[in-house]
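Remarks on the structure that follows.
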Amino acid sequence: MTSEADEGFEHLIDSTRFKLKGKIAVEQVLPYLHFLDQECKDRIKQKSITDGDIAAADLLLSTVIERPHKQGWFWAFIDALAHGGSELAADYLTKPPKPEEEAENDTCVELIRLLAPSLSEMKTTVVCGACYSAELLTVDDNEKILAVTNNEGNRRGAQELLKRIIRRRPPWFSQFLQVLRDAEEDKVYRELTGSGINEEASAPKQEPAQSEPVGEENSEAKERNGIQEIQEEPADLYLDPDLPQSEERSQPDGSASAAAAGEASSPEKPEISLWDYQMEVAKPALEGKNIIICLPTGSGKTRVAVYITKEHLDSRKAEGKPGKVVILVNKVPLVEQHHSKEFTPYLKHLYKVERVSGDSQLKISFAKTVQRNDIIICTAQILENYLEIANSGVDEGVKLSDLSLMIIDECHHTQKGEAYNHIMMRYLKQKHKNKKLQKEQKETVPLPQILGLTASPGVGRATKLEKAKEHILRICANLDASQIMTRSLGDFKREPRKAIQTVEDRKQDPFGDVIKRIMHEIHLHAQLNPTGDLGTQVYEQWSVQKERQAAKEGDQKVRVCAEYLRQYNNGLMRCNILRMQDALSFLKNYHEEQNKKKSSPDEEQNIQITDTERFLFKLFNENEKELADLAKNPEYENDSLSKLRTIILKEFSSRKQATGIIFTKTRHSAIALNQWIQENSKFDDIGIKSAYLIGGGDQSDVKPMTAAEQKDVLKKFSTGEVNLLVATTVAEEGLDIPKCNFVIRYGHVTNEIAMIQSQGRGRAEDSSYTVVDVKNSGVAERECVNEHREDMMHKAIEKIKALSPQDYDKQITEYQLQAIMEKRVREHRQNKKVIKNESPSAVKFSCRHCNKQVCTGEEINIIGDMHRVNSTVEFKKLFIQRENSSLLERLVDYETNGIIACKDCGQSWGSMMMFRGIELPCLHVKNFVVNINGKNISNCTKWSDIPVKFPAFDYSDYASRMEIDSDEETI
């Protein structure tokens, strides 16, 4: 039976196969592989004769990891490599070099390979002897090289020498240069350094060079050039196209790079260089066309955008035209990321670059920022706001005609309801107006060039290929794209190994049984007949609907029970994905919060507790100890967590330097899983350092992460201080996350776009992508559906690219006109809805919990088009204040202070806010039942759900009244 350690060794060898193949001297290693029988060795020798060392090394590795294993086989293999002139290969398996050291060594190997024909002119016997004396070659190496030189000539001997010397440990290159200097091989030395032996200039340090990917299928061609075995692994397209590079990459013709010749550009003014595939997709944009670039995560889309930006501004300057580029993103952290890591390093010495987001502390308006800078990176909503300001004429705004290039990151979000789409609808309207103006021979309004970037446009809700094609065409139409540019990365694309881990039901689940027993007692108490199994999404939807219906009807018994049932159902679902103690902790926290609501801060107010609430409190208290005892027994933990533990241990134990991401559904689960990892001693023993990464919005009851906190976690992840990230969907797209060895989707699968983007996070060599199923989640089935949708998406893109220009333009125009008409209809309906706005006096608000009448719409004012406040003296008598444990808002004019709650039942109503020195109660509509003209509405979650226009808060009037009241009190 294969041990866990053997499995780890197998995985280690298999994961470094590409690197090992070019570094193993098969003929020298074979005699030391005592655990292989002679038949295996003969087969490998024959492979070396017929197909060369690379193919033979590949077969050797496959044979070594073939089961069953003899005891100590791995270390015997390491010993064979060390004694068989393949020390570098042994190092990769025991103490792998640092990335920078590996990159430098790879550069030297590549330089030797590129210059092999001219290097073969050396005096082989002299150089071989000197290398042997310097211990750069083994006895076997020396004998083989001299034999080849005697039998096949000096040139072939030189090629054999080069083939063997590049397998040595660094610093073999500098030692080889010294040998050439001592042997007075001036021509060969000059080829490698750019200067002669007797010249004063010293040889430059070799910088990591980039070269075009070279596939193994080209091995025969390399054989013809003399050193087939020197061929390295296929170059990694994901290696560093998104990281700043100060050196030039190898030229397409294969000549040495400028960096290799000692002509590296200044690090302060790095040159932007693109791979051929990047240049290919950028070409139409460089010609001024609107396009969408669709490339995998990590393949350098942003670098392409930087290059296009520079070329665009350079060409506008050369033509004497003004240039203005705006880069739009859909997440605040991306503003800083694009600014500091991409556009500023490459373009700040040429153009003025600025970023603006909700987190920015700029002292001037966005309009002024646009005027004063050449490149502006901002969130889409900010640009949309200022386009609307310019359209309304109320203040200085920004017009599309002010811009010459607009880059839209993650452009698949250019759909209905998104800020990107609002901006592009303005663009499309003006585009079609311009056509009309052209016909009338009138001056048109200039519009910016559009560049969209995405890893996946997705297929929307399509189930058939034609609908998928339509979905993508609509995105192209919304972006006014003349083409969607893709590039098949073929054999050079890093596809992670994919696996789906199914789980088994618990044989016993006493913890879950206790929760279900509690829920059944609540069903009996409230006479409820639920639909859907307990612990499922269907049950949760039922409980939400039941709570809303009961609130609308004023049935407090059912409403409270439905809310408690939803929380217990939540506990059951957490029990399926997290530890039992995490589920129990969640339920305890919920009950503690409910208890707090029933106590006033000054203990003077008597808050009512209904019989139903007493029943619910008692029910939990009676079962809490049993739940706590069961939570301590690991025998009853879920199989999903067990599978996750095994995967994590395997990934980290089989690699020297592993990094990974675990995607999970909720903020609660991300935090709980991170805590579970940090508390597990087995994880600590193998060097796992975890952290969680969650979103910055405040939609959840979990405190969100600030942009600074997110940035800090990502920085630690990139430096290795953290090597395992537990993240929500915030990490799926956009954020600059280093390449990972493994990605795990834990009990959470969404759509094909998320699947493609999260797979793209695992772009290190031999990475893995694993989906772990969770009971009642259905993620395994959804993942299979997403694979089908991804395949359908690629086929749809190919069908679109196969359209004739005439057919493509016709369909794009039709979709654009349809989108414009649909927007007009929506605006018309919205205008009619505004006209039908109810009077504030027709609206009444009652406490969601106890049904007490609270106020009417006439008492409510609005601050900043956002906050609804009630500043009346009567309202102040109806609530109590509690401390707000997490102050989430800190804005310029106001801040939140405490929570306001019903004096009678303790139901939260909203928060106290400080607005320009005045403390005001701010209402949250979700905490009320709204009555409009006698009709109760219980499902209002935001103020925009109510067709009422409240008057603005009159600060001066309120301040004056307060002053008068203060004077009267003094008198």
Side-chain angles (χ1 to χ4, degrees), residues 22-32 48-49 52-53 56-57 80-91 104-105 107-199 202-206 222-223 225-232 260:
K23 297 174 175 62
I24 296 177
V26 177
E27 190 179 341
Q28 294 170 250
V29 170
L30 278 176
Y32 296 98
S48 177
I49 295 168
D53 255 10
L81 292 175
H83 286 87
S86 305
E87 297 96 332
L88 189 54
D91 288 347
E104 185 174 341
N105 187 67
T107 299
C108 298
V109 170
E110 183 67 10
L111 192 62
I112 295 286
R113 186 186 69 79
L114 290 170
L115 301 177
S118 53
L119 299 180
S120 300
E121 302 299 324
M122 70 176 79
K123 298 186 285 289
T124 305
T125 52
V126 175
V127 173
C128 179
C131 286
Y132 177 62
S133 299
E135 298 184 349
L136 274 173
L137 297 173
T138 65
V139 174
D140 288 342
D141 288 331
N142 187 51
E143 291 176 354
K144 179 68 176 180
I145 292 164
L146 293 177
V148 170
T149 304
N150 292 332
N151 296 329
E152 302 179 40
N154 184 79
R155 187 179 183 83
R156 184 67 188 90
Q159 292 163 0
E160 186 69 25
L161 185 151
L162 295 174
K163 178 184 76 173
R164 290 170 179 265
I165 207 166
I166 63 172
R167 295 186 185 128
R168 307 301 293 175
R169 284 183 176 134
W172 63 267
F173 186 72
S174 57
Q175 293 171 331
F176 184 50
L177 290 180
Q178 187 59 47
V179 166
L180 294 175
R181 177 188 283 271
D182 294 342
E184 297 184 353
E185 286 284 351
D186 186 76
K187 183 179 179 182
V188 177
Y189 186 87
R190 184 185 293 274
E191 283 284 342
L192 290 172
T193 64
S195 59
I197 291 172
N198 297 319
E199 294 177 20
S202 60
K205 180 183 178 181
Q206 295 301 314
K222 299 291 179 247
E223 181 73 60
N225 288 333
I227 46 174
Q228 180 266 336
E229 292 87 349
I230 291 178
Q231 178 193 348
E232 289 293 293

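Just so you know, these numbers use all the heavy atoms, side chains as well, and skip hydrogens, waters and symmetry mates.
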Rounded to the nearest 0.5 Å, how far apart are [atom1] of [X] and [atom2] of [Y]?
| X | Y | atom1 | atom2 | result |
| --- | --- | --- | --- | --- |
| Leu137 | Phe176 | CG | CZ | 9.0 Å |
| Ile49 | Glu27 | CD1 | CD | 8.5 Å |
| Leu177 | Glu185 | CG | CD | 12.5 Å |
| Ile165 | Cys108 | CD1 | SG | 11.5 Å |
| Lys187 | Leu119 | NZ | CG | 10.0 Å |
| Ile166 | Trp172 | CD1 | CH2 | 6.5 Å |

Considering all heavy atoms of both residues, which atom of [X] and which atom of [Y] are nearest to each other, and what is their separation?
| X | Y | value |
| --- | --- | --- |
| Val126 | Ala183 | CG1-CB, 4.2 Å |
| Met122 | Asn154 | O-ND2, 2.7 Å |
| Gly84 | Ala25 | O-CB, 3.7 Å |
| Leu192 | Leu111 | O-CD2, 3.8 Å |
| Val179 | Cys131 | CG1-SG, 3.9 Å |
| Ser48 | Asp53 | OG-OD1, 3.1 Å |

Inset, instruction - Evaluate the side-chain proximity of Glu160 to Lys163: yes if any heavy-atom separation is below 4.5 Å, no if none is. - result: yes

Legend entry - Val188 backbone acceptor or donor facing Glu121 side chain under 3.5 Å: no

Legend entry - Residues that Ala89 engages under side chain to side chain contact (heavy atoms under 4.5 Å, CB included), provided they are two or more places apart: Leu20, Lys23, Ile24, Leu81, Ser86

Legend entry - Glu152: partners by side-chain hydrogen bond (donor to acceptor under 3.5 Å, both in side chains), with sequence neighbours left out: none

Legend entry - Counterpart residues, side-chain hydrogen bond (donor to acceptor under 3.5 Å, both in side chains), relative to Asn150 (two or more places apart): none

Inset, instruction - Check step by step if side chain to side chain contact (heavy atoms under 4.5 Å, CB included) holds for Phe173 and Asn105. - result: CA-CA 8 Å; Phe173 186 72; Asn105 187 67; over 6 Å; no

Legend entry - Selection residues 125-137 - residue pairs positive for salt bridge (Lys or Arg N to Asp or Glu O under 4.0 Å), sequence neighbours left out: none

For a quick test of your reading: what N or O donor-acceptor pairs under 3.5 Å do the side chains of residues 139-147 make, sequence neighbours left out?
unit_1, atom_1, unit_2, atom_2, d
Asp141, OD1, Gln28, NE2, 3.2
Asp141, OD1, Arg164, NH1, 2.8
Asp141, OD2, Thr138, N, 3.0
Asp141, OD2, Thr138, OG1, 3.0

